[in-house]
Amino acid sequence: METQFLTDEKGNKTAVVLPIKKYNKMIEQLEDLHDIKLYDEAKKNDDGYRISLEDFMKLRKSKKDASL
């Protein structure tokens, strides 16, 4: 079964019928594109600030100790 189009009484395409495998593949590709878009936006807004978990824990501990 190939892609089928539904038409109105004037012959204008109004809907499409896809095989489920083709539909699922299309949805998967759209999700991948969405992930790429989110990644690109995150990279664009990246301020370059990075800290390791170990350094974060040390900083947290030192701030906690200072408040005592």
Side-chain angles (χ1 to χ4, degrees):
M1 177 175 157
E2 290 297 315
T3 304
Q4 297 178 338
F5 297 96
L6 303 179
T7 58
D8 63 15
E9 57 280 345
K10 294 181 181 178
N12 298 314
K13 294 177 184 175
T14 58
V16 64
V17 179
L18 298 172
I20 195 68
K21 284 184 178 183
K22 192 171 188 177
Y23 171 80
N24 287 334
K25 177 92 171 153
M26 184 177 65
I27 294 299
E28 183 180 313
Q29 289 173 337
L30 286 171
E31 290 170 349
D32 290 346
L33 286 173
H34 182 70
D35 291 343
I36 291 168
K37 181 181 176 189
L38 291 176
Y39 174 80
D40 288 345
E41 287 176 12
K43 290 293 283 182
K44 182 173 66 174
N45 298 326
D46 185 7
D47 62 3
Y49 183 74
R50 299 278 191 271
I51 186 170
S52 69
L53 178 59
E54 183 179 320
D55 289 342
F56 171 77
M57 296 303 284
K58 287 178 186 175
L59 181 64
R60 185 172 160 218
K61 183 176 179 351
S62 67
K63 285 186 177 183
K64 188 184 276 189
D65 291 344
S67 67
L68 295 177

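For the atom pair CG of L30 and CG of D35, the computed distance is 11.0 Å after rounding to the nearest 0.5 Å. To the nearest 0.5 Å, atom CE of residue M26 and atom CD of residue E31 are 11.0 Å apart. Atom CD of E2 is separated from atom CD of Q4 by 9.5 Å, given to the nearest 0.5 angstrom. With rounding to the nearest 0.5 angstrom, the NZ atom of K37 is 10.0 Å from the CG atom of D40.
Between K22 and T3 the shortest heavy-atom distance is NZ-OG1, 2.8 Å. Considering every non-hydrogen atom in both V16 and F5, the closest pair reads CG2-CE2, 3.9 Å.
Hydrophobic clustering of Ile, Leu, Val, Met, Phe, Trp and Tyr side chains at less than 4.5 Å, counting indirect connections, unites L18 with I27. A single hydrophobic cluster is not seen to contain both L38 and I36; linkage of ILVMFWY side chains at heavy-atom distances under 4.5 Å, directly or through other members, places them apart.
Within a 6.0 Å radius of CD in E54, other residues, nucleotides and ligands contribute 12 heavy atoms or fewer.
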